[in-house]
Amino acid sequence: MEGGQGSVDPARLAKMRAMAAEGLDPYGGRFERTAAADDLHRAFDAWSGRTVRVAGRIRAIRGHGRMTFADLEDATGTIQLQFTADGLGEEAYRRLEWLDLGDVVGAEGTVFRTRAGEPTVGVASWRMLSKSLRPIPSRFYGLRDVDLRQRQRYLDLIANPSVRRAFELRSRMVARLRRFLDQRGFVEVETPILVPLAGGATARPFRTHHHALDLDLSLRISIELHLKRLIVGGMERVYEIGRVFRNEGISTRHNPEFTMLELYQAYADLRDMMELVESMVHDLALHLTGGPIVDCQGTRLDTTPPWPRVWLLEALEAACGVRWLEVEDDAEARAKARALGVEVDAAASRGHVLDKLVAHFVEPELVQPTFLLGHPVEISPLAKALPDRPEVADRFEAFVLGRELANAFSELNDPIEQRRRFMAQVEERRRTASEEIPDPDEDFLQALEYGMPPTGGLGVGVDRLAMLFTGATSIRDVILFPLQRPEPPAEPAPEGAAGRAGAGEGEA
RNA sequence: GCGCGCGUAGCUCAGCUGGUAGAGCAGCUGACUCUUAAUCAGCGGGUCGUAGGUUCGAGCCCUACCGCGCGCACCA
């Protein structure tokens, strides 16, 4: 039997029906609370002796004959309830036999301290708000099965308090991110996810189809080309925080759908983007951790600007001796990589090999926040070249803990050069049979031809940023419902069998 | 896609060189009016991921498949 996938617990079902038979709704409605669990601990003196209404999930029951204690958990914490036969009356006390771990109840009573000093609600009346028909995970052993934790995230949230804290932190981080950008005059926009042509990055897209228009569509792999159209249109500072989709492998750092922040600032360049990233991450650190230091997986990361700048081609030469601009063609690039013990695909292009070499020799060294800059133009088709070095792009990637956190460049706004770059990509695709290189986006080229101001652009992996601040080792720890294969066995409708037995399949 | 590992009760886990499955918690029954991982007495609970194979005998060995994790590859 798959964990958590069995049918409902017959004993709980029987209790639920017994309640209903006595005219008590096991799935109650609105319940007005006057305090949260945490209030009663923090402000006990103010509450002591007063009547309070609390609601939440039952996490523990301790029966003592004619008196019963229970722990009630809400979003803020846990408060103890005390039920006594003397206080409730025999009839109401007897109804406690319907109560199970995991039930959601509302209770009203008087706040007091037990002999042991525990703030407690002495219950005068209580109501079932939702009868739990399945056992919830053990409070003390938690839920460890990684698959189940993601498949049934609600159980993970119930069993493992740190999970909720991590997602709340992510929420605060994104809220702060928006605030930071709004204060700098950026306008948040939403652009299409369903697109005829998925461009702005190299990745295999997901394909889909619109029936009414009989139109093949893809899910976007980046936000870039739409946001730049807005820059052309005179929106000088725009950003979008949204989902992008790449039809690629899954790993501790990759989910097929993930959240990107992309922003574009007219009349700015790479220098402005560096300052922006530094300030933004520093700002997040101050607000989320209270200081500039982020402790991530045992490493103290100092986000204080300015971050070190490392020139990519120089770092590569220092690390493995390859003078990249002297590499003639794809074949020589592959040979050099293999000579250094780096495996590359037989059809790999120069640019692809460079990515591999940098990932292998340079990136792991970039632990503290660092800018790696000056990528070759050949792997930066949307970036402006340096004025004095046409083969080097005015581009950086920001790294932390050896992981790429951001990617930025001075945007290429020359439509003729942009078209040339797209054509070079088409040529590379033809050479390498790559499925990741998109077709040239003619509509985007047309926009550039109307004139795009010089612009600085930036992309940030929001999930990875969340990993940094939560200390997560897997991207799945910061995505509530990461992509998973569906459960194989179709489960029959739980409880339906008992409820409808003999009644046929007729539906009202 | 390739490699390695894992899959045993609702949950967390044991299970020896192969001899027919265990604990704690949860559940059920009973006792108990200040407990808080309550305590005490008793009870039930398993197609050992699935399907084959080897063997007198398989949770354990072999094969395939399914699922998950990790690493590699792809990428952010």
Side-chain angles (χ1 to χ4, degrees), chain A residues 1-12 14-15 59-71 78-87 93 97 100-102 112-120 122 132-151 155 158-159 201-204 221-222 244-262 342-345 348 352 355-356 359-360 363 397-399 403-407 434-436 459-465 467 473-476 484-489:
Chain A
M1 191 61 55
E2 298 298 317
Q5 288 300 304
S7 52
V8 300
D9 177 359
R12 289 167 181 255
K15 292 174 185 177
R59 295 309 307 273
I61 300 174
R62 297 176 290 279
H64 294 265
R66 292 172 56 75
M67 181 177 72
T68 296
F69 289 102
D71 293 339
T78 302
I79 183 67
Q80 178 168 267
L81 306 180
Q82 184 201 52
F83 303 86
T84 63
D86 296 342
Y93 189 78
E97 70 187 23
D100 284 303
L101 296 187
F112 74 106
R113 241 188 238 284
T114 62
R115 273 180 223 159
E118 182 74 22
T120 300
S132 173
L133 298 180
R134 292 173 182 261
I136 60 170
S138 155
R139 175 152 213 198
F140 300 98
Y141 296 102
L143 184 67
R144 298 231 176 106
D145 184 299
V146 176
D147 179 42
L148 276 189
R149 284 183 47 213
Q150 294 165 7
R151 219 175 269 291
L155 293 183
I158 291 170
T202 54
R204 263 167 78 170
I221 58 173
S222 86
V244 299
F245 307 82
R246 299 190 181 176
N247 205 339
E248 286 162 352
I250 293 175
S251 78
T252 49
R253 286 167 296 277
H254 302 87
N255 194 59
E257 54 179 308
F258 61 102
T259 302
M260 283 266 289
L261 160 66
E262 287 198 36
V342 176
E343 274 187 51
V344 290
D345 200 79
H352 187 250
D355 266 344
K356 303 272 292 189
H360 191 265
E363 293 176 6
E397 291 179 294
F399 281 84
R403 299 193 296 236
E404 184 187 342
L405 200 70
N407 180 25
S434 164
E435 296 179 59
E436 287 98 41
V460 178
V462 172
D463 310 277
R464 291 188 177 173
L465 199 59
M467 288 172 71
T473 53
S474 168
I475 198 168
R476 293 166 163 232
Q484 291 179 297
R485 253 192 199 84
E487 288 267 73

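Keep in mind it's a predicted model, so treat the numbers as computed, not measured.
Among the heavy atoms of the strands, none lies under 4.0 Å from A:N247. Residue-level contact check: A:D145 touches the backbone only, with heavy atoms under 4.0 Å from sugar-phosphate atoms and none from bases. Among the heavy atoms of the strands lying under 4.0 Å from A:G63 is at least one base atom, whether or not backbone atoms are also near. Counting non-hydrogen atoms under 4.0 angstrom, A:G65 reaches a base of the nucleic acid. Using a 4.0 Å heavy-atom criterion, one finds that A:T68 contacts no nucleic acid atom at all. Residue A:R253 is in base contact, counting any heavy-atom pair closer than 4.0 Å across all strands shown. Across all strands shown, A:A116 has heavy atoms under 4.0 Å from base atoms, whether or not it also approaches the sugar-phosphate.
Nucleotide B:U39 is matched to B:A31 when pairs are restricted to Watson-Crick or G-U wobble geometry with both distances under 3.5 angstrom. Here B:C6 sits opposite B:G67 as a Watson-Crick or G-U wobble pair (both hydrogen-bonding atom distances under 3.5 Å). With both pairing distances under 3.5 Å, B:G18 is matched to nothing as a Watson-Crick or G-U wobble pair. The base-pairing partner of B:G46, taking Watson-Crick or G-U wobble contacts with both distances under 3.5 Å, does not exist among the strands shown. For B:C11, the paired base is B:G24 (Watson-Crick or G-U wobble, both distances below 3.5 Å). Nucleotide B:A58 forms a pair with no other nucleotide shown, judged by Watson-Crick or G-U wobble geometry with both contacts under 3.5 Å. Across all strands shown, B:A73 has no partner, as no Watson-Crick or G-U wobble contact with both distances under 3.5 Å is found.
Separating the CZ atom of A:F83 from the P atom of B:U36 is a distance of 18 Å, rounded to the nearest angstrom. Atom CZ in A:R115 sits about 14 Å away from atom C1' in B:U36, given to the nearest Å. Rounded to an integer number of Å, the gap from CG of A:L133 to C1' of B:G10 is 14 Å. Atom CZ in A:R134 sits about 16 Å away from atom C1' in B:A9, given to the nearest Å. For the pair A:R66 CZ and B:U35 P, the interatomic distance rounds to 18 Å; values are reported in whole Å. In this structure, A:H64 atom NE2 and B:A31 atom P are separated by 15 Å, rounded to whole Å. One interatomic measurement links the two molecules: CG of A:D147 to P of B:G69, which rounds to 6 Å at whole-angstrom precision. As rounded to whole Å, 13 Å separates atom C1' of B:C11 from atom CD1 of A:I158.
To the nearest whole angstrom, the two P atoms, one in B:A21 and one in B:A58, are 12 Å apart. As rounded to the nearest Å, B:G19 and B:C60 have P atoms that lie 11 Å from one another. Taking the P atom of each, B:C16 and B:C61 are spaced 9 Å apart, rounded to whole Å. Distance check on atom C1': B:A41 versus B:G5 gives 44 Å, rounded to whole Å. Of the C1' atoms belonging to B:A73 and B:G3, the separation is 11 Å, rounded to the nearest Å. Rounded to whole Å, the P atom of B:G44 lies 23 Å from the corresponding atom of B:G59. Atom name C1', nucleotides B:G10 and B:G45: the rounded distance is 10 Å, in whole Å. For the C1' atoms, the distance linking B:U54 with B:C40 amounts to 50 Å, nearest Å.
Checking B:U35, B:C11, B:U36 against the side-chain heavy atoms of A:L143 singles out B:C11 as nearest. Picking from B:G69, B:U35, B:G67 the nucleotide with the shortest atom distance to the side chain of A:R151 gives B:G67.
Contact annotation: A:R62 side-chain N/O to B:U35 OP1/OP2 distance is not under 4.0 Å. Between A:T114 and the phosphate of B:U36, there is no side-chain N or O to OP1/OP2 separation shorter than 4.0 Å.
Comparing A:A201 and A:S251 by the nucleotide of RNA chain B whose heavy atom lies nearest to each, the residue mapping closer to the 5' end is A:S251. Heavy-atom nearest nucleotides on RNA chain B were determined for A:F69 and for A:R144, and the one closer to the 5' end corresponds to A:R144.
Closest heavy-atom contact between A:M467 and A:S474: CE-C, 3.8 Å. For the residue pair A:S222 and A:E262, the shortest heavy atom distance occurs at CB-OE2, 3.6 Å. Among all heavy-atom pairs drawn from A:I221 and A:F245, the shortest one is CG2-O, 3.3 Å. Pairing each heavy atom of A:G65 with each of A:Y93, the nearest pair is O-OH, 2.7 Å. Nearest heavy-atom pair, A:M260 versus A:V462, reported as atom, atom and distance to 0.1 Å: C-CG2, 3.9 Å. Taking both residues in full, the closest heavy atoms of A:R246 and A:A201 are given as NH2-CB, 3.5 Å, listed atom of the first, atom of the second, then distance.
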Counting primed atoms, P, OP1 and OP2 as sugar-phosphate and everything else as base, the B/S/- map of nucleotides 22-29 of chain B against protein heavy atoms under 4.0 Å is --B-SSS-
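In this structure, A:E363 contributes its side chain and A:F399 its backbone to no donor-acceptor pair below 3.5 Å. Within the 3.5 Å criterion, the main-chain N or O of A:G122 finds no donor-acceptor partner in the side chain of A:T120. The backbone N or O of A:S132 sits less than 3.5 Å from a side-chain atom of A:R12, completing a donor-acceptor pair.
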Would you list the protein and nucleotides 1-6 of chain B atom pairs, both N or O, that sit under 3.5 Å from each other?
none

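Remark: the A:E436 side chain and the A:T202 side chain contain no N/O donor-acceptor pair separated by less than 3.5 Å. A donor-acceptor contact under 3.5 angstrom links the side chains of A:Q80 and A:R62, judged on distance only.
The base of B:U35 is paired with the side chain of A:Q80 by a donor and an acceptor separated by under 3.5 Å.
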Assess whether side-chain contact (heavy atoms from CB on, under 4.5 Å) is satisfied between A:V344 and A:H352, documenting all intermediate values.
CA-CA 9 Å; A:V344 290; A:H352 187 250; 5.5 Å; no
Margin query: Pair A:N407, A:E397 - check side-chain contact (heavy atoms from CB on, under 4.5 Å), show working.
Written below: CA-CA 4 Å; A:N407 180 25; A:E397 291 179 294; 3.6 Å; yes
